[in-house]
Chemist: 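Please read through the structure below; I'll follow up with questions.
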Protein chains: 4
Amino acid sequence: MRKANQIFQGAVDAFAEKGFDRATMDEVAERAGVAKGTLYYHFVGKEELICFLMEEGIGQLSSAVAEAVAQTDDPQGQVRAAIGAMVAYSNENRKFCQLLVKCIWSNAERQEQFREILQSYFDRLTGILNHGIHRGVFQPQPMEWAPSAWFGLVTIVILRVILQGQATDQERLVDYLYTQYMYGIIGRDIKTPN
Amino acid sequence: MRKANQIFQGAVDAFAEKGFDRATMDEVAERAGVAKGTLYYHFVGKEELICFLMEEGIGQLSSAVAEAVAQTDDPQGQVRAAIGAMVAYSNENRKFCQLLVKCIWSNAERQEQFREILQSYFDRLTGILNHGIHRGVFQPQPMEWAPSAWFGLVTIVILRVILQGQATDQERLVDYLYTQYMYGIIGRDIKTPN
Amino acid sequence: MRKANQIFQGAVDAFAEKGFDRATMDEVAERAGVAKGTLYYHFVGKEELICFLMEEGIGQLSSAVAEAVAQTDDPQGQVRAAIGAMVAYSNENRKFCQLLVKCIWSNAERQEQFREILQSYFDRLTGILNHGIHRGVFQPQPMEWAPSAWFGLVTIVILRVILQGQATDQERLVDYLYTQYMYGIIGRDIKTPN
Amino acid sequence: MRKANQIFQGAVDAFAEKGFDRATMDEVAERAGVAKGTLYYHFVGKEELICFLMEEGIGQLSSAVAEAVAQTDDPQGQVRAAIGAMVAYSNENRKFCQLLVKCIWSNAERQEQFREILQSYFDRLTGILNHGIHRGVFQPQPMEWAPSAWFGLVTIVILRVILQGQATDQERLVDYLYTQYMYGIIGRDIKTPN
DNA sequence: TATGAATGAGCGTTCATTCAT
DNA sequence: GATGAATGAACGCTCATTCAT
């Protein structure tokens, strides 16, 4: 198990920097500190390693979001908690988040393999929104687009932050993303009646 | 010029489907309907072809946005026009838009090459936002994140739509994106007054 | 004919620097100041151009030697005149001489094509030696090797001089080559009884 | 090491026949009896393989000469021993010697890479000559040309012999080269006194 | 005569994968 | 379990040659 974990880390490192296709198995092995053959002892091949990575990572992210959301029943509080969890996760797993955003749509074939994993994450986001709509707090929305919008908004900003490389005030970032997503660019004071 | 244009189309086709790295120059040539050597007669190499593609495409998108925005002075109207232009462009250039979103962050080295091009597009978005803020219509925002948020929101939803493949009511999509971006998930009731 | 000559010069330039195989027809055309198609209008192909070059060049060298040798009947004088002609020719045609030495044995197939041309040059050298031997001035020698020895001695030193690039005292060079070839490293005074 | 040696042999074979540029890595691999990828596992690339070949080969030749020369202190004996070693080496390594002469000046870039290796060999020849000059046995000579002259004389004759392909009386060849180099075409009667 | 856009066979190189140890 | 030498299919790219103008 030791080695398998080393490989996981090495793979995230290598893939995040070079992308799935340009990172070689040699590089993965080197960053993982194992011999190339060992990669194939633990994983069937490169594509399987990539799949494992994505499943594992998105699963973790999804769990983190679920856990955060479970703390409150208030729809707005849930959205804030979810965004908070996303930002926190991305901060602790910069490499993986880079990888996630950069490579998730890289290629039509892999697309197919990730769809299921990603769908479960989107379903979670959809659930949160539906809860708020059901409560009458959020407006009814076209649900075929809503999770993508949320995902895109949060994810691309986070990627920007990661790529910039400089330290960021997490609190402020969550605040911005939450406000933007909840109230748009027009802003809170115009419309939060509560 | 004839051939160069064929190559452009073939390259967009091939790269959109397979990604920059998995699409081979043979495939590009085949889809363009030219011999492989012809690719290299018109472009220095694969990376240069990729760069040319991105510059050309983002340039077109950026111009389309600029043109749409120029029609009105009203900040909200400008945002709506911009989103309308984005959706329209993506509808007319599905392949390129796929390519844009899927591949723009693919790889650290290319990242660098695209930064300048993408920045000019982001600057355009920033300009629109600043105009609205100046007018007091939009809330002041952290401008290091604002264009990314806009870009991410619109782009990822559009990508979803394109990948789904089914025909979409453009009007309704623009409506959704505009409302979401302008008022967030909460504030639909304060619709655009026009 | 203008163009054909330009091509000749361009080809010598390009081939001398890069060798027959690494110099491209594009480079030849560029250095000749003609379009690539023009090369093929005047010459059947690359190999034919190479052959033409070698025949022309060796022919010129051979003629220069013949002319110089014709001036005297004295065997030693003939050798000296021949070496003088070789050095003079190499000085006026540095590029071609470089080409000659560097590329003449480059490749088994071309070898075959040059053999005849080169043989005529070797025959000329053989003739000079035979004349001296017949007169009893030169020692009888294994004639299958003698012209090669002469050719190698003179040619490799000349190449060295050309490659060094610095200006050389022609007189001194001829002196050295003549003495070395005529009397060996032991030197003249020990053995020239006359 | 097994494979590396096979590659060495295959490379010498292929390059000797076709020249560095026309021999392909496929041919090298085939003659070496290994897969093409194996070539690149052991050597960085074609040019590095070429360099390794030349260094190794000239190194061996140089060592053989050094060893032969070390047997005697007599200048003329040293020259004879050196030429004997050259001929012997060329007889045992026909392919490499072909390669050496045919390709050593093939191309300006490679020129530069070989200069150092070749220089060490020329230095050895220069050392032998200086010894004889110091002893007063050889005439003082322009040392910038002397090793080239020796090298050219011996080498080109040897190449001729190799290319002719027929069996040669080594003894007689050494005799001829020695006499020619030591006494020139004139002075055979003053033979080595041994 | 002269051109240069277009071609495609062929090259050097890479890299995911295998397998004997 | 773990290794790394060996493999070969496949890639990006080159360049001699052709041909419509």
Side-chain angles (χ1 to χ4, degrees), chain A residues 1-4 6-7 20-30 32-50, chain B residues 1-4 6-7 21-30 32-49, chain C residues 1-4 6-7 20-30 33-50, chain D residues 1-4 6-7 21-30 32-50:
Chain A
M1 274 310 97
R2 195 85 264 260
K3 296 267 171 183
Q6 279 176 250
I7 293 172
F20 286 141
D21 295 311
R22 290 178 92 88
T24 68
M25 291 299 264
D26 280 85
E27 284 166 332
V28 171
E30 196 191 321
V34 302
K36 191 161 39 158
T38 310
L39 262 43
Y40 288 86
Y41 184 81
H42 288 275
F43 297 91
V44 175
K46 193 182 186 182
E47 292 303 316
E48 288 69 23
L49 175 56
I50 289 172
Chain B
M1 274 306 98
R2 189 94 273 259
K3 295 270 173 182
Q6 278 176 251
I7 293 172
D21 294 311
R22 291 178 90 87
T24 70
M25 290 300 263
D26 280 270
E27 283 166 336
V28 170
E30 197 190 320
V34 302
K36 190 166 29 164
T38 310
L39 262 43
Y40 289 88
Y41 187 80
H42 290 274
F43 297 91
V44 175
K46 192 182 187 181
E47 293 302 316
E48 288 70 23
L49 176 55
Chain C
M1 273 308 98
R2 193 86 266 257
K3 296 267 172 183
Q6 279 176 251
I7 292 171
F20 286 141
D21 295 310
R22 291 178 90 88
T24 69
M25 291 299 264
D26 281 85
E27 284 167 332
V28 170
E30 196 192 320
V34 302
K36 190 160 45 158
T38 311
L39 262 43
Y40 289 86
Y41 184 79
H42 288 275
F43 297 92
V44 176
K46 192 181 187 183
E47 293 301 317
E48 288 69 23
L49 176 55
I50 289 172
Chain D
M1 272 307 97
R2 188 96 271 261
K3 295 271 172 180
Q6 279 177 249
I7 293 171
D21 293 311
R22 291 179 90 87
T24 70
M25 289 300 263
D26 279 272
E27 284 166 334
V28 170
E30 197 189 320
V34 301
K36 195 173 15 171
T38 310
L39 261 44
Y40 289 87
Y41 187 79
H42 289 275
F43 297 91
V44 175
K46 193 181 187 184
E47 292 302 315
E48 288 70 23
L49 176 55
I50 289 172

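By convention in this document, chain letters (A, B, ...) are assigned in the order of the sequence lines, proteins followed by strands, and residues within each chain are numbered from 1.
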Chemist: Please tell me if D:Lys46 has a side-chain N or O lying less than 4.0 Å from either OP1 or OP2 of E:dG12.
Modeler: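 Yes, D:Lys46 has a side-chain N/O under 4.0 Å of OP1/OP2 on E:dG12.
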Chemist: Can you give me the closest heavy-atom contact between A:Lys46 and A:Phe20, atom names plus distance?
Modeler: NZ-O, 2.8 Å
Chemist: What distance separates A:His42 NE2 from A:Leu49 CG, expressed to the nearest 0.5 Å?
Modeler: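 CG of A:Leu49 is found 11.5 Å from NE2 of A:His42.
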Chemist: State which of E:dA16, E:dG4, E:dA2 makes the closest approach to the side chain of C:Thr38.
Modeler: E:dA2
Chemist: Can you tell me how far apart CD1 (D:Ile50) and CG (D:Asp21) are? Round to the nearest 0.5 Å.
Modeler: 7.0 Å
Chemist: Does B:Leu39 or A:Val44 map to a spot on DNA chain E nearer the 5' end, using the closest nucleotide for each?
Modeler: B:Leu39
Chemist: Quickly work out the A:Arg22 CZ to F:dC11 P distance and round it to whole Å.
Modeler: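 Answer to the nearest Å: 14 Å.
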Chemist: Looking at E:dC11, E:dT7, F:dG4, which one has an atom nearest to any side-chain atom of D:Thr24?
Modeler: E:dC11
Chemist: Roughly how many Å is it from CZ in A:Phe43 to P in F:dG1, rounded to a whole number?
Modeler: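 Distance check: A:Phe43 CZ to F:dG1 P gives 12 Å.
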Chemist: Starting from P on E:dA16, measure out to CD on A:Glu47 and report it in whole angstrom.
Modeler: 10 Å
Chemist: Taking atom P of F:dT14 as reference, at what distance in whole Å does atom CG of D:Asp21 sit?
Modeler: 16 Å
Chemist: Is the count of non-hydrogen atoms from other residues, nucleotides or ligands lying under 6.0 Å from C:Glu27 atom CD greater than 12?
Modeler: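 More than 12 heavy atoms, drawn from other residues, nucleotides or ligands, come within 6.0 Å of this atom.
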Chemist: Applying the Watson-Crick and G-U wobble criteria at under 3.5 Å, what pairs with F:dA20? Answer none if nothing qualifies.
Modeler: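 Across any shown strand, F:dA20 pairs with E:dT3.
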Chemist: How many Å lie between CG on D:Asp26 and C1' on E:dG12, as a whole number?
Modeler: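 So the two atoms are 9 Å apart, to the nearest Å.
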Chemist: Would you mind reading off the distance between A:Met25 atom CE and E:dT18 atom P, rounded to a whole angstrom?
Modeler: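 Roughly 11 Å, once rounded to whole Å.
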Chemist: When you check the phosphate oxygens OP1 and OP2 of F:dA2, does a side-chain N or O of A:Tyr41 lie under 4.0 Å from one of them?
Modeler: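 For F:dA2, OP1/OP2 do not have a side-chain N/O of A:Tyr41 under 4.0 Å.
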Chemist: What about C:Lys36: does its side chain form a donor-acceptor pair under 3.5 Å with the base of E:dT3?
Modeler: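 No, the side chain and the base share no sub-3.5 Å donor-acceptor pair.
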Chemist: Less than 4.0 angstrom from a charged side-chain N to a carboxylate O is my criterion; do D:Glu47 and C:Arg22 meet it?
Modeler: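 Judged by the 4.0 Å cut-off on N to carboxylate O distance, D:Glu47 and C:Arg22 do form a salt bridge.
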Chemist: Would you kindly compare C:Ala35 and B:Ala35 by the position of their nearest DNA chain E nucleotide and give the one closer to the 5′ end?
Modeler: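 Checking each residue's closest nucleotide, the 5'-ward one belongs to C:Ala35.
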Chemist: Less than 4.0 angstrom between a side-chain N/O of D:His42 and OP1 or OP2 of F:dA6, yes or no?
Modeler: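 So the side chain of D:His42 is within the cut-off, an N or O lying under 4.0 Å from OP1 or OP2 of F:dA6.
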Chemist: Are C:Tyr40 and F:dT17 close enough that a side-chain N or O sits under 4.0 Å from OP1 or OP2?
Modeler: yes
Chemist: Would you kindly give the NZ-to-P distance between B:Lys3 and E:dG4, to the nearest whole Å?
Modeler: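 Spelled out: NZ on B:Lys3 to P on E:dG4 is 19 Å.
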Chemist: Determine the contact category for A:Gly45: base if any of its heavy atoms lies under 4.0 Å from a base atom, sugar-phosphate if only primed atoms, P, OP1 or OP2 are that close, otherwise nothing.
Modeler: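 Answer is sugar-phosphate: A:Gly45 comes under 4.0 Å of backbone atoms only.
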Chemist: Classify the nucleic acid contact of C:Ala29 as base, sugar-phosphate or nothing, counting any heavy atom under 4.0 Å across all strands shown.
Modeler: nothing
Chemist: Quick check on DNA chain F: between D:Gly37 and A:Val34, whose nearest nucleotide comes earlier from the 5' end?
Modeler: A:Val34
Chemist: Please report, rounded to the nearest Å, how far the C1' atom of F:dA2 is from the CD1 atom of A:Ile7.
Modeler: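 It is 10 Å, rounded to the nearest whole Å.
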Chemist: Identify the heavy atoms of B:Ala32 and B:Ile7 that sit nearest to each other, and give their distance.
Modeler: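 In terms of heavy atoms, the two residues are closest at CB-CA, 3.7 Å.
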Chemist: May I ask which nucleotide in the shown strands pairs with E:dC11, Watson-Crick or G-U wobble, both distances under 3.5 Å?
Modeler: F:dG12
